[in-house]
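All ligand and atom numbering here is 1-based and tracks the order in the structure.
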Amino acid sequence: MPARSSDESRARGPRVDAPPAEPPAAARARVETLVAELRHHDALYYQHDEPEISDAAYDALRRELEALEAEYPALRSADSPTQRVGAAPAAGFATGTHRTPMLSLENAMNADEMRAFDARIRRFLAADLGEAWSEAGIELMAEPKLDGSAVELVFEKGRFVQGLTRGDGQTGEDVTANLRHVPSIPERLTGRRPPALASVRGEVVLPLEAFESLNRGRAERDLRPFENPRNAAAGSLRQIHDVDYERLRSLEFRAYALEEGRPAAIERQSDVLEQLRAWGFVVSPEVERVPDVDAAIAYHDTLLARRGELPIEIDGTVIKVDRLDLQATLGTVSRAPRWAIAFKFPPEQAVTVLEGIEFQVGRTGALTPVARLRPVRVGGVTVSNASLHNQDELDRKDLRVGDRIVIQRAGDVIPQVVRVRLDRRREALAEGFRLERSRLPERCPVCDARTVRLEGEAVTRCVNLDCPAQLKNNLRHLAGRSALDVDGLGEKLVDQLVETGIVKRLSDVFALDAEQLEGLERMGARSAANLVAAIDRARRTTLPRLLVALGIRHVGETVAELLAGEFGTLDALLEASPERIGAIEGVGPTIAQSVVRFLADPGNRAEIDRFLALGVEIAAPAPEPAGDVGARLLEGLTFVLTGTLGRPRSEAKRQIEAAGGKVTGSVSRKTDYVVAGEDPGSKATRAAELGIPVLDEAGLDTMLAQGPTT
Ligand code: IVH
């Protein structure tokens with residue numbers, strides 16, 4: 001909303017005398033839209049760790065709302081998103097109240113806004129402490145703005161007792177148990193006289209290397225990669241079920257503030273950081289005290305140039321008044337301190353032409369629009385595709401082939417489409433583009449079957465179970481590590497098998513013979529024989545693996561374990577009533593419905609029968625305790641699992657627990673045995689240091705069968 005021009009104001013008389021402007025209907029409507037949009041994005045960001053717009057786009061919406069509210073205060077509601085720091089915590093964790101609120105920061109987007117910040121501080125100090133402050137030197141602390149998840153850590157008498165996420169700034173989620181596995185969070189503060197109570201604040205970040213390896217692992221398991229290290233850090237911290245301790249160990253906590261427990265001698269933010277270091281925290285090595293705002297701007301530019309060399313993601317500089325007494329004088333306005341500001345880096349964005357929109361068909365038949373772009377360099381790489389998620393996103397952004405669009409790279413993952421440059425549509429028309437609205441196709445681009453969009457769902461699907469695209473994806477999934485783990489059945493081969501019609505349904509894979517395979521490209525007699533042998537090995541499997549292999553929507557390793565644990569055998573599961581499936585703890589209604597539907601389908605039943613007829617065999621489950629104390633061979637023993645095991649970790653855990661043992665996440669003196677698979681990592685080293693026996697997987701099997709032999 002442009003500010004009213006001075007001519008107009010004059011025509012209506014001096015503005016000071018006028019009653020507060022009655023908001024025009026257009027402003028009211030725009031505020032409503034902005035509030036709704038910001039709420040939506042807040043929930044995605046804070047509760048689901050899955051934002052769908054860039055930070056820059058979010059900031060733009062927020063600023064627009066702030067400007068409207070400033071112009072028409074009547075439109076500012078008490079619960080406007082501009083009045084809150086975040087969204088309330090999601091269900092699942094206990095909550096805790098911050099001793100003092102966790103604030104947010106105002107942003108500056110350029111050097112002018114930084115100078116305005118400096119001028120504001122001076123005005124304020126001059127008004128409070130005397131005119132001399134308008135010229136005085138005010139030292140500033142310059143720090144990297146860490147792009148992670150803010151947490152408060154509480155230490156009582158030097159011991160770590162509680163860790164909370166920021167949440168809505170007042171109340172956060174209690175993630176203490178998870179934080180205890182983050183190596184840079186000390187259990188105890190170093191030094192002799194810790195304060196009775198200390199509240200240390202900082203950011204949990206995921207270093208880029210760990211982020212990339214996490215995403216590689218997720219891609220292998222067909223899980224959606226995290227958009228950026230920030231979401232990955234937040235997601236890791238908020239794991240509730242099946243906590244992945246290695247993921248927690250790869251996080252890093254960097255401290256930047258001390259709210260309570262400040263020793264009396266501390267007078268500056270720079271002293272705070274020194275104290276935090278002395279207590280054993282990691283403080284960003286790049287922090288620097290600077291004499292004035294010009295030096296702060298120069299620091300920002302240097303840091304921006306070095307951004308690519310840093311091991312973690314940062315998204316700007318935080319500039320703080322160094323003296324704590326001045327900070328106290330300056331105080332806080334609504335959600336942010338007056339004495340600090342976040343000087344943001346410009347996002348890595350570029351403008352290019354949307355040359356086409358194609359639709360990919362996923363394993364579950366979901367059609368995903370993909371933007372084909374005129375290749376453009378952004379953030380150091382050439383980009384030619386971007387995911388568009390779903391039809392709603394296409395509609396919301398009003399993307400049309402030919403459009404000039406702003407794209408942005410976040411972290412290492414596929415680029416995002418930020419928005420259309422509506423101001424450049426004329427160029428598209430001049431190039432002969434018709435700028436038609438794009439719709440998800442009514443027919444599957446792969447098999448031409450009808451597509452459907454179920455009510456309440458964002459996705460459109462091809463519902464033809466024999467669709468080659470789905471079959472390919474299902475076949476890849478069946479060969480994956482958490483399913484039947486078929487060595488050598490890679491992407492190219494899957495494509496050929498489906499395209500040549502050798503595999504027409506999933507079960508055909510068990511009927512393959514070497515002769516058929518030898519006819520395929522790049523398939524010698526030897527690799528054909530190897531593949532047949534690998535498929536043969538995969539035939540003998542476990543119930544959870546088989547369930548994963550069937551490709552039932554929402555049934556991954558964890559749910560498969562739950563189903564297998566509940567029913568024990570495939571027959572029992574096939575006969576189970578929907579009520580019983582729905583009653584399993586940990587299986588929500590959506591998952592239960594998906595399982596019930598899958599099993600009720602005669603086509604799927606026939607496939608399962610065919611799997612069995614073609615030799616798929618379920619290995620007998622591990623001995624269950626069955627109330628027989630004699631079978632609890634591992635009673636009282638504590639195990640730690642590390643590295644890649646041949647079976648899913650959750651299965652090893654279940655077997656150990658069934659035999660009366662306990663499985664914990666980290667090695668301590670209380671650990672009795674460490675079971676190490678491939679690439680065991682630091683836990684095995686730690687076990688060696690503590691003299692704890694390390695078993696391989698065969699050793700574990702012996703133990704499960706006979707109990708400890710030494
Ligand atoms: S100080 C009272 N220092 O940025 C001010 N915050 O956008 C509290 N952040 O909520 C924050 N690096 O999560 C501070 N060196 C740094 C920071 C930092 C990242 C985060 C923090 C804050 C957010 C505001």
Which option, Asp315, Leu105, Leu273, owns the non-hydrogen atom nearest atom 5 (C) of ligand 1? Leu105

Which is it for [X] and ligand 1 at heavy atoms under 4.0 Å: side chain, backbone, both or neither?
X      : result
Lys145 : both
Pro337 : side chain
Lys320 : side chain
Pro144 : backbone
Arg201 : neither

Quick one: are Arg230 and Glu313 in side-chain contact, heavy atoms under 4.5 Å? no

For [X], counting its heavy atoms only, list the atoms of ligand 1 lying under 4.0 Å from any of them.
X      : answer
Leu103 : 2 (C), 10 (O)
Arg166 : 10 (O), 22 (C)
Ala150 : 13 (O)

Answer yes if the side chains of [X] and [Y] hold a donor-acceptor pair under 3.5 Å, and no otherwise.
X      : Y      : answer
Gln269 : Gln327 : no
Ser184 : Glu252 : no
Arg201 : Thr100 : yes
Thr558 : Asp242 : yes
Ser199 : Arg99  : no

Among all protein heavy atoms, pick out the one at the shortest distance from [atom]; state its residue, atom name and that distance to 0.1 Å.
atom                    : value
atom 15 (N) of ligand 1 : Glu143 OE1, 2.9 Å
atom 12 (N) of ligand 1 : Leu146 N, 3.0 Å
atom 17 (C) of ligand 1 : Tyr256 CE2, 3.4 Å
atom 20 (C) of ligand 1 : Glu203 OE1, 3.6 Å

Applying salt bridge (Lys or Arg N to Asp or Glu O under 4.0 Å) between Glu106 and each of Lys344, Arg335, Arg338, report the one that passes. Arg335

Is it true that Phe253 and Phe160 have ring centroids separated by less than 6.0 Å? no

Partners meeting salt bridge (Lys or Arg N to Asp or Glu O under 4.0 Å) with Arg306 (sequence neighbours left out): Glu309

With a 4.0 Å cut-off on heavy atoms, is Gly148 in contact with ligand 1? no

